[in-house]
Structure formats: C-alpha cells, structure tokens
Amino acid sequence: YTYNSASCIIAYLGYLKGYSVYSDAGNDPEILKLLDHNYEIINECMCLEYGYEKNDQKEFALLSRNKFTDRTIVDTIQRNAREPQRKITASERVVGPLMLERKYNKDSSILEKTLAAMLLYTPAVEEKWNAMLEEKGKEGILKELCQIEPSSELGQRILFLANNPKEII
C-alpha cells in the first residue's frame with residue numbers, strides 16, 4: 001500500500017497536470033506536498049494495522065519517495081498509470097489504503113483525489129479502460145470495481161472531484 005499508492009498519486013495527479021515524465025510529476029511541489037502528507041498517514045495506518053515498527057515503515061516510505069523523485073530514473077506517466085482497471089479495484093493500490101485510512105479515522109482526501117484522477121485518466125492507448133468508463137460510467141466503476149457506493153458520502157466526494165478536476169490539484 002505504501003509504495004503502490006504513492007506511485008498512483010504521482011502517476012494520476014501527474015497526468016492531470018499534463019506531465020509525461022514520471023520524475024517530473026514526482027518533483028512537482030503540489031504533488032510532493034500531497035505525497036508527503038499521504039506518506040505520514042499511510043505510515044501510521046500500516047503500523048497500526050500490521051504492527052510495523054514506525055522507523056522501519058518511515059524508512060520504507062522514504063526509499064520509495066527517493067526512487068519516485070530520482071530524475072536519473074527515466075520513466076513515463078503512461079507506463080506507471082497503465083491499466084487503471086486493474087489498479088482501481090477494492091483491494092488494490094488506491095482503494096485498499098484509502099479504506100485503511102478511513103478505518104483508522106485518518107485523512108483519506110489525497111487517495112480520494114487520486115481515485116477521482118483515475119476516473120479522469122483517458123489516454124487513447126487505454127482502450128479497455130476507456131470502454132469500461134464509457135459502458136459503466138464513473139458511478140458504475142466506483143460501485144463495481146471499487147466497491148464504493150456512489151450515493152455514499154465517500155462516493156459523492158469522489159464523484160464531485162471527478163466532475164471538478166480543478167478541485168483535485
């Protein structure tokens with residue numbers, strides 16, 4: 001959850017901001033601020049849920065942050081964001097940690113924004129994903145893949161963000 005949710009924060013928020021190079025998005029001040037805040041939250045949740053030592057968890061998060069912001073590693077937003085239909089499911093890298101944050105009454109707004117950004121990710125190369133979005137709509141994706149009721153408070157917040165991208169970042 002620590003590594004994969006961080007990767008999604010950078011990839012999907014980076015896409016919304018128009019980045020194509022992953023490390024450029026990883027070094028964007030607005031994205032970094034959200035990323036660092038989410039690391040604090042998910043680190044605490046991972047320790048509570050799985051009993052990890054705080055320093056070990058913090059070190060693991062820092063290793064991922066260092067990798068994601070390393071400009072010598074050439075990677076793309078497209079590669080990191082590919083196949084969102086696989087990454088958006090209930091137990092995967094955004095919804096899973098989001099629910100963990102909510103379980104411990106922590107701020108889940110950054111992963112809510114990331115989930116909304118995933119619903120806005122529509123490059124032409126993502127034919128399968130785009131077809132799913134077309135067929136099911138954002139509400140259907142939330143309900144069927146994320147297992148989040150669109151009419152719930154959480155579902156409504158995510159849909160609001162997905163319909164108002166300027167509110168995301």
Side-chain angles (χ1 to χ4, degrees), residues 1-17 19 22 25-26 28 30-50 52 57 60-61 63-65 67-69 75-123 126 128-130 132-133 136-150 152-165 167-169:
Y1 285 168
T2 306
Y3 184 93
N4 288 331
S5 66
S7 176
C8 286
I9 290 167
I10 294 168
Y12 294 104
L13 297 183
Y15 170 79
L16 281 186
K17 290 193 85 173
Y19 288 107
Y22 189 77
D28 178 280
E30 290 177 304
I31 293 174
L32 266 177
K33 183 178 178 182
L34 295 173
L35 182 68
D36 287 341
H37 184 59
N38 196 70
Y39 274 133
E40 290 175 21
I41 296 164
I42 200 63
N43 284 349
E44 188 175 348
C45 291
M46 295 299 283
C47 291
L48 289 168
E49 184 74 4
Y50 301 107
Y52 299 144
Q57 177 62 27
F60 177 72
L63 288 172
S64 74
R65 186 190 193 278
K67 179 182 177 187
F68 296 148
T69 58
D75 207 348
T76 64
I77 293 290
Q78 184 176 331
R79 191 190 75 75
N80 284 277
R82 71 177 176 226
E83 299 178 359
Q85 67 275 12
R86 179 176 55 84
K87 298 173 182 172
I88 203 169
T89 59
S91 62
E92 268 292 334
R93 52 199 78 197
V94 176
V95 180
L98 186 156
M99 293 307 184
L100 188 62
E101 291 173 353
R102 289 177 58 82
K103 175 181 177 179
Y104 289 104
N105 296 312
K106 303 297 179 188
D107 175 14
S108 62
S109 64
I110 295 156
L111 292 180
E112 292 168 21
K113 290 178 179 188
T114 304
L115 186 52
M118 292 176 87
L119 294 171
L120 295 168
Y121 183 71
T122 57
E126 293 292 344
K128 186 175 180 180
W129 171 244
N130 290 331
M132 289 177 75
L133 271 172
K136 298 176 186 306
K138 294 171 188 165
E139 294 86 356
I141 298 287
L142 270 184
K143 186 174 184 130
E144 293 177 34
L145 295 181
C146 304
Q147 297 179 5
I148 297 172
E149 186 57 49
S152 69
E153 177 189 340
L154 176 60
Q156 288 296 298
R157 268 198 318 275
I158 294 165
L159 289 171
F160 171 80
L161 291 166
N163 291 318
N164 298 280
E167 298 289 328
I168 296 174
I169 192 159

Side-chain contact, heavy-atom cut-off 4.5 Å: Leu115 with Ile148?
yes
Ring pair (Phe, Tyr, Trp, His ring centres under 6.0 Å) with Phe60: which residues, sequence neighbours excluded?
none
If you look at every heavy atom in Lys87 and Cys8, which pair is closest and at what distance?
CD-SG, 4.5 Å
Any non-hydrogen side-chain atom of Val94 less than 4.5 Å from a side-chain atom of Tyr12?
no
Do the non-hydrogen side-chain atoms of Glu112 and Arg102 ever get within less than 4.5 Å of each other?
yes
Identify the two heavy atoms, one from Ala11 and one from Ile77, that lie closest to each other, and give their separation to 0.1 Å.
O-CG2, 3.4 Å
Considering only heavy atoms from C-beta outward, does the side chain of Arg65 approach that of Asp36 to under 4.5 Å?
yes
His37 versus Asp107: any side-chain heavy-atom pair under 4.5 Å?
yes
Steps toward side-chain contact (heavy atoms from CB on, under 4.5 Å) verdict (Leu145, Met132):
CA-CA 10 Å; Leu145 295 181; Met132 289 177 75; 3.4 Å; yes
Closest heavy-atom pair and its distance - Tyr1, Leu100
CD1-CD2, 4.0 Å
All heavy atoms of Tyr3 vs all of Lys67, minimum pair found to be OH-NZ, 2.8 Å
Any idea which heavy atoms bring Leu120 and Ala162 closest together, and the distance?
CD2-O, 3.1 Å
How about Gln78: does its CD atom have over 12 heavy atoms from other parts shown lying under 6.0 Å from it?
no
Give the ring-plane orientation class for Phe68 versus Tyr22, where under 30° counts as parallel, over 60° as perpendicular and anything between as tilted.
perpendicular
Counting C-beta onward and ignoring hydrogens, is there a side-chain heavy-atom pair between Arg93 and Ser7 closer than 4.5 Å?
no
From Asn105 atom CG to Cys45 atom SG, the distance as rounded to the nearest 0.5 Å
9.5 Å
Heavy-atom side-chain proximity of Leu142 to Leu154 below 4.5 angstrom
no
Distance-minimising heavy-atom pair for Ile31 and Leu13
CD1-C, 3.9 Å
Side-chain heavy atoms of Leu159 within contact of Lys138, under 4.5 Å
yes
Heavy atoms of other groups near Lys143 NZ, more than 12 under 6.0 Å:
no
Roughly how far apart are Lys136 NZ and Glu144 CD, rounded to 0.5 Å?
3.5 Å
Is there a donor-acceptor pair closer than 3.5 Å between any side-chain N or O of Asn43 and the backbone N or O of Tyr39?
yes
Is Arg157 paired with Glu153 through a side-chain N to carboxylate O contact shorter than 4.0 Å?
yes
